[in-house]
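Report on one structure; see the data block that follows.
What you see is a predicted model, and the numbers here were worked out from it, not measured in a lab. Computed from heavy atoms alone, side chains included, the values below leave out hydrogens, waters and symmetry copies.
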Amino acid sequence: MGAPERSARKAAQYLFFGGIASKTVTFFGAIATARILSPEDYGYNLSITIVAGFLGILSFNGFETYFVQKRDIQPSEEKKILGNVFFLRIIQNLILFGLHLILATYLHRGDPVLGNMLYITSLVHLFGIIGKPSEAVLAKEFNFKPVVKSNLLRDILGVATRLSCALAGLGAYSFAIALVVGNMIRQVFLFVSNKTKARIQAEMKIVKPIFSFGGAVILGSLGNFVKTYSDKVILASFYPKAQVGLFDFARVQSDVVNTYLLYPQNGLVLSYLSKHKSSKEKIDNLFDSIGVVVSFVFFPIFMAFYFCMDFLVPFVFGEEWTQAIPFFKVFIIYGAHVSIVYPSQGILTSLGKPQIKTKITIGFTLISILALCFIAYYGYDLIYFAITYLVMSIVSDQVLLFVSLKRIGYSIKTFFKTRFSAWLLYAMILVLMLALQYVKLEMSAVLFIPILTFLYIRVMAKERFLNAIVVFLGANSKAASFIRKVLSA
């Protein structure tokens, strides 16, 4: 293994384990905070998240990415590019700081709390001036250790600050203050860790290509913003802060299983698909095998959470969050669905066809926006908003699944034929899950769901489960080699 491969592997390890550590801190911090703050406070947090997300996209417009992807150039030219990137970063962040203050002033007239929170969070743009160029230098050197440490420090001190402010009775302001403190610590740590300091330079022949590159990146980022935040904007515009807080809190926390266990595997899956995209057999094997393992392991977990939610929510987060239980159940259904279609989400990207996935995503996002606006405008209960969001997400994932299967040459007919029993059971469980929330069914119907789940697991277990584990562990894993020897003995 050469030096670049070792650096990449070491970087991946830092990012993976650092990500797990950061998520653990934020998860337990969320549990503690939820016992102090109210759903209305979380509604305000969603509002500043939307603003921060939009201005964050304008902040990330590719200046530093241009520097990172510039390889095989002389050190003197590299310093010039870094200096011009630093110049553009200063100009842009000062503009964003001004826009943030203007927006805070405008919103302060109608909602002083939200306006004051935006005044506080505007400081993030000033700290970004020193931190973003430093992070770009570290990324180019594959030196991700300081990046991981900075993320962990941000999360630890951010959680500590949020809890301290919440205990002091600052309410929703706790989120804004914690965001600024965590971001400040992260950016300063990155600046100190980076030995190659940027010096301001402004040369038009260098600035122009950097700015053009940034413009192309920001268009793609705006599309992603619309997809990610469209439902949140509609929520914040039509529903009371307390209901919005319940909805968003349930959405984030109900996804914790996938966030910790499933999503970290996306990099592995994408790399495997990209490496073997010319081998239909390997792609089919990966798709079938990992799909089997994920479904076998994750689906029962979501089922257990669904039936224990009436107990778990007040026990973990406090009695104040019992009103969020219906939303938890809706989003748990989607989490279970994700475990069924995994890993189809990465197939088109690995085949070099991300534009197809983008078109599908944008199309369903526009339809979702229309449907959600209709529900919100005519004053339907928020649970119907959640169910519509669930249905549109599931349909979008299914279309993406079928298109992906077609692209890898996997027959849809064969797919359904080999999985008909499992999918039929899954569909029946899904319908019963939804029905149980609104219809008082007899105990026989309630007991029917665990029986269906048991049958479902048995069906999935027949799909060469042990071989699936081998693929899941990875082709180069010593453990996988050992299991292969055992199976072939």
Sequence neighbours left out, cut at 3.5 Å: what donor-acceptor pairs do the side chains of residues 386-395 make with other protein atoms?
residue	atom	partner	partner atom	Å
T388	OG1	Y384	O	2.8
S393	OG	Y389	O	2.8

Rounded distance [0.5 Å steps], [atom1] in [X] versus [atom2] in [Y]:
X: L96; Y: L101; atom1: CG; atom2: CG; value: 11.0 Å
X: L382; Y: Q323; atom1: CG; atom2: CD; value: 11.5 Å
X: L163; Y: L37; atom1: CG; atom2: CG; value: 8.5 Å
X: F317; Y: F328; atom1: CZ; atom2: CZ; value: 4.5 Å
X: D231; Y: C373; atom1: CG; atom2: SG; value: 10.5 Å
X: L152; Y: T26; atom1: CG; atom2: OG1; value: 10.0 Å

Pairwise side-chain contact, [X] with [Y], heavy-atom cut-off 4.5 Å (strictly under):
X: T105; Y: Y119; value: yes
X: I369; Y: L372; value: no
X: Q92; Y: K132; value: no
X: Y106; Y: I102; value: no
X: N183; Y: R186; value: no
X: I129; Y: F86; value: yes
X: N84; Y: L88; value: no
X: M309; Y: I332; value: yes

Residues at least two apart in sequence or cross-chain that pass side chain to side chain donor-acceptor pair (under 3.5 Å) with S174, listed by chain then number, are none
For a quick test of your reading: what N or O donor-acceptor pairs under 3.5 Å do the side chains of residues 107-118 make, sequence neighbours left out?
residue	atom	partner	partner atom	Å
H108	NE2	N116	OD1	3.2
D111	OD1	Y44	OH	3.1
D111	OD1	V113	N	3.3
D111	OD1	L114	N	3.4
D111	OD2	Y44	OH	3.3
N116	ND2	P112	O	3.1
N116	ND2	Y173	OH	3.1

Closest approach of [X] and [Y], non-hydrogen atoms and distance?
X: L235; Y: V244; value: O-CG2, 3.5 Å
X: S122; Y: F97; value: O-CD1, 3.2 Å
X: G131; Y: Q187; value: CA-OE1, 2.8 Å
X: A250; Y: A324; value: CB-O, 4.0 Å
X: F364; Y: S396; value: CG-CB, 3.7 Å
X: F302; Y: S254; value: CE2-O, 4.3 Å

Test side chain to side chain contact (heavy atoms under 4.5 Å, CB included) on Y334 and D397; report intermediate values, then the result. CA-CA 10 Å; Y334 181 67; D397 288 347; 2.7 Å; yes
Using a cut-off of 6.0 Å, state whether more than 12 heavy atoms not belonging to K232 lie near its atom NZ.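 Enclosed.
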Could I get the full list of side chain to side chain contact (heavy atoms under 4.5 Å, CB included) partners for E320, not counting sequence neighbours?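 So E320 forms a side chain to side chain contact (heavy atoms under 4.5 Å, CB included) with S38, P39.
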Contacts of D381 that satisfy salt bridge (Lys or Arg N to Asp or Glu O under 4.0 Å) - sequence neighbours left out: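 So D381 forms no salt bridge (Lys or Arg N to Asp or Glu O under 4.0 Å) with any residue.
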With a 3.5 Å distance limit and no angle check, can you tell me whether R162 reaches the backbone of L179 through a side-chain donor-acceptor pair? no
Expected output: side-chain D41 to main-chain G171 donor-acceptor under 3.5 Å: no
Intermediate values then yes/no, side chain to side chain contact (heavy atoms under 4.5 Å, CB included), F385 and Y380: CA-CA 8 Å; F385 186 98; Y380 286 97; over 6 Å; no
For the aromatic rings, using the six-membered ring if either is Trp, is the centroid distance between F247 and F331 under 6.0 Å?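 Close enough - the centres of the two rings lie under 6.0 Å apart.
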Could you walk me through whether D310 and K329 satisfy the side chain to side chain contact (heavy atoms under 4.5 Å, CB included) test, starting with their C-alpha distance in whole Å, then the side-chain angles of each, then the deciding distance to 0.1 Å, before giving a yes or no? CA-CA 9 Å; D310 291 332; K329 291 183 176 180; 3.5 Å; yes
When you look at T33 and Y42, which way does the side chain to side chain contact (heavy atoms under 4.5 Å, CB included) test go after all the steps? CA-CA 10 Å; T33 306; Y42 277 85; 3.5 Å; yes
Applying salt bridge (charged side-chain N to carboxylate O under 4.0 Å, His left out) as the test, list every pair that has at least one member in residues 149-158; sequence neighbours left out.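 Sorted pair list comes back empty.
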